[in-house]
Chemist: 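Sharing a structure with you now.
Note that the numbering runs from 1 along the sequence shown for the chain.
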Amino acid sequence: EGSWGGKYFWQSAQDIKKIEANHSNAILDYIKGKYPQLNYLLMIDTDEILTDECVAALNNEIVNHQQASSFRINYRTYWKGLHYILEDLRSSHSPIAIKITPDVSFVTIRDINKKNKIILPRDIYYHHPSYARSSKKIFKKIQLFSHAREIRKNWYNDIWLGWNKDRNIENLHPLFDGSWWKRAVRIDDKEIPQILRTHPYFKYETVDDFEKAKQVKEKPAELWIPHG
């Protein structure tokens, strides 16, 4: 079942990885059967944005490293809205493409059973607004996604909501302490892709500010009836 299914939460972390790998393998098997002419599978979530520069760099790496089984790319995770990114002191990269061969299969949701991988240069990255959400949606996310049981104690109140009052709070990751998501850093608007600059969130400091403004606009006008 998906993360909304009751049984999902009572699976061990290892079982959840197997379930997610099974989902990915079902898609891979379908592609192998339906489109045997394809050589590579590009893996992009709905909240992952690749710029033209990013796509060109990935294509160049694939052309120049045809023996590689997978390609990994760095990413920028957005925090609270489109103006803050999370400073990650690790070398953060995620699988973005795999080479389709008869014996390739997924061992996790995105990792495969092959070791020969290429990591794109660190200055090439995709944009990941996974935490550019309202507080209401983040609260729902951490209750429903596959890592729900791993959330740090009081993370929502102390870190997520606490950041609104103290933007110097560090160690922001909901699961891990330390170098993961060390702090949130405001970026120059020029660093935000054009496609995101057209999004309604762009005009506001945070998504919560956007939601507050929307509520004001949607509030019914009061009818004033003069007396006398």
Side-chain angles (χ1 to χ4, degrees), residues 1-20 23 44-49 74-94 108-111 125-187 191-193 196 199-219:
E1 293 186 40
S3 57
W4 53 87
K7 294 181 180 179
Y8 196 93
F9 291 114
W10 307 114
Q11 302 285 346
S12 68
Q14 192 63 33
D15 285 341
I16 289 174
K17 286 184 178 181
K18 290 180 181 178
I19 293 170
E20 291 176 335
H23 291 171
I44 308 174
D45 282 353
T46 55
D47 62 352
E48 296 172 352
I49 299 167
N74 297 285
Y75 54 90
R76 274 188 166 186
T77 302
Y78 288 74
W79 175 262
K80 294 278 187 172
L82 300 179
H83 298 282
Y84 290 86
I85 61 169
L86 290 157
E87 184 183 68
D88 197 334
L89 302 184
R90 304 166 305 123
S91 178
S92 300
H93 45 76
S94 176
T108 71
I109 192 169
R110 294 177 80 149
D111 291 296
Y125 51 82
Y126 67 80
H127 299 263
H128 194 204
S130 57
Y131 281 76
R133 307 189 189 199
S134 67
S135 293
K136 182 179 180 180
K137 289 185 177 180
I138 286 294
F139 185 74
K140 184 176 181 180
K141 173 185 174 76
I142 64 175
Q143 288 182 313
L144 297 180
F145 74 157
S146 60
H147 299 287
R149 292 188 300 166
E150 304 169 53
I151 298 294
R152 291 162 54 195
K153 186 177 180 181
N154 297 325
W155 177 84
Y156 179 78
N157 289 321
D158 294 348
I159 304 298
W160 179 262
L161 296 181
W163 186 88
N164 297 332
K165 297 178 180 179
D166 179 8
R167 299 194 175 186
N168 293 316
I169 288 179
E170 296 189 350
N171 299 328
L172 302 178
H173 201 284
L175 308 183
F176 311 109
D177 276 324
S179 60
W180 294 65
W181 297 8
K182 187 64 176 176
R183 62 181 65 85
V185 179
R186 202 181 201 289
I187 58 174
E191 297 183 53
I192 303 172
L196 288 181
H199 195 283
Y201 290 171
F202 179 74
K203 297 179 181 179
Y204 298 87
E205 187 81 354
T206 68
V207 180
D208 281 341
D209 292 334
F210 166 79
E211 292 293 343
K212 290 175 184 175
K214 186 172 69 171
Q215 289 174 6
V216 171
K217 291 179 181 179
E218 293 176 351
K219 184 178 180 181

Chemist: To the nearest 0.5 Å, tell me how far Asp158 CG sits from Asp166 CG.
Modeler: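 Nearest 0.5 Å value for the CG-CG distance: 12.0 Å.
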
Chemist: Under 3.5 Å, is there a donor-acceptor pair linking the side chains of Glu20 and His23?
Modeler: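 No, no side-chain donor-acceptor pair sits under 3.5 Å.
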
Chemist: Any idea which heavy atoms bring Ala184 and Trp163 closest together, and the distance?
Modeler: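 Taking Ala184 first and Trp163 second, the nearest heavy atoms are CB-NE1, 3.7 Å.
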
Chemist: Testing the basics here: between Ala132 and Leu82, what is the closest heavy-atom pair and its distance to 0.1 Å?
Modeler: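 Reported closest heavy-atom pair: CB-CD2, 4.3 Å.
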
Chemist: Looking only at non-hydrogen atoms, find the nearest pair between Leu161 and Ser135 and report the distance.
Modeler: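 Taking every non-hydrogen atom into account, CD2-OG, 3.8 Å.
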
Chemist: Under the ring-ring contact (aromatic ring centres under 6.0 Å, His included) criterion, do Tyr75 and Tyr126 qualify, and how do the steps go?
Modeler: CA-CA 5 Å; Tyr75 54 90; Tyr126 67 80; 5.5 Å; yes

Chemist: Test side chain to side chain contact (heavy atoms under 4.5 Å, CB included) on His83 and Ile192 and set out the steps.
Modeler: CA-CA 8 Å; His83 298 282; Ile192 303 172; 3.9 Å; yes

Chemist: Does the side chain of Glu211 come under 3.5 Å of the side chain of Tyr204 through a donor N or O and an acceptor N or O?
Modeler: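 Side chains of Glu211 and Tyr204: no pair found under 3.5 Å.
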
Chemist: Any idea how Trp79 and Trp160 line up, ring-wise: parallel (<30°), tilted (30 to 60°), or perpendicular (>60°)?
Modeler: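 Rings of Trp79 and Trp160: perpendicular, over 60°.
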
Chemist: Within the 4.5 Å heavy-atom criterion, are Tyr84 and Ile187 side-chain neighbours or not?
Modeler: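 No, their side chains stay 4.5 Å or more apart.
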
Chemist: Counting C-beta onward and ignoring hydrogens, is there a side-chain heavy-atom pair between His127 and Ile85 closer than 4.5 Å?
Modeler: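 Heavy-atom side-chain distance check fails, nothing below 4.5 Å.
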
Chemist: Quick one: do Arg76 and Glu48 make a salt bridge, cutoff under 4.0 Å?
Modeler: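 Here Arg76 does not pair with Glu48 in a salt bridge, since their nearest N and O are not under 4.0 Å apart.
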
Chemist: Which value, rounded to the nearest 0.5 Å, describes the distance between Gln143 atom CD and Ile138 atom CD1?
Modeler: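 With rounding to 0.5 Å, CD (Gln143) is 11.5 Å from CD1 (Ile138).
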
Chemist: How long is the gap from NZ on Lys80 to CG on Leu172, to the nearest 0.5 Å?
Modeler: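 Rounded to the nearest 0.5 Å, the NZ-CG separation comes to 9.5 Å.
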
Chemist: Hey, could you give me the CD1/NZ distance between Ile159 and Lys153, rounded to the nearest 0.5 Å?
Modeler: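 With rounding to 0.5 Å, CD1 (Ile159) is 14.0 Å from NZ (Lys153).
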
Chemist: Roughly how far, to the nearest 0.5 Å, is the CZ atom of Arg133 from the CG atom of Asp208?
Modeler: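 It is 13.0 Å, given to the nearest 0.5 Å.
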
Chemist: Inspect the contact between Glu87 and Lys182 and indicate whether a charged nitrogen and a carboxylate oxygen are less than 4.0 angstrom apart.
Modeler: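 Salt bridge absent between Lys182 and Glu87.
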
Chemist: To the closest 0.5 Å, what do you measure between OH (Tyr131) and CG (Asp47)?
Modeler: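 Reported to 0.5 Å precision, the distance equals 10.5 Å.
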
Chemist: Please verify the inter-ring angle class for Trp180 with Phe176; under 30° counts as parallel, over 60° as perpendicular, anything in between as tilted.
Modeler: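 Trp180 vs Phe176 ring planes: tilted.
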
Chemist: Would you call Asp45 and Arg110 a salt bridge, using N to O less than 4.0 angstrom?
Modeler: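 Salt bridge flag = yes for Arg110 with Asp45.
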
Chemist: Regarding Tyr78 and His128, is there a side-chain donor-to-acceptor distance under 3.5 Å anywhere?
Modeler: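 On atom types as modelled, these side chains do not qualify, holding no pair under 3.5 Å.
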
Chemist: Please report the closest heavy-atom contact between Pro129 and Ile49, naming both atoms and the distance.
Modeler: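 Heavy atoms of Pro129 and Ile49 come nearest at CG-CD1, 4.2 Å.
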
Chemist: Please determine, by modelled atom types, if Trp181 and Thr77 share a side-chain donor-acceptor pair under 3.5 angstrom.
Modeler: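 No pair is found: no donor N or O on one side chain lies under 3.5 Å from an acceptor on the other.
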
Chemist: Phe202 and His199: ring-ring contact (aromatic ring centres under 6.0 Å, His included), yes or no, with the steps?
Modeler: CA-CA 6 Å; Phe202 179 74; His199 195 283; 9.8 Å; no

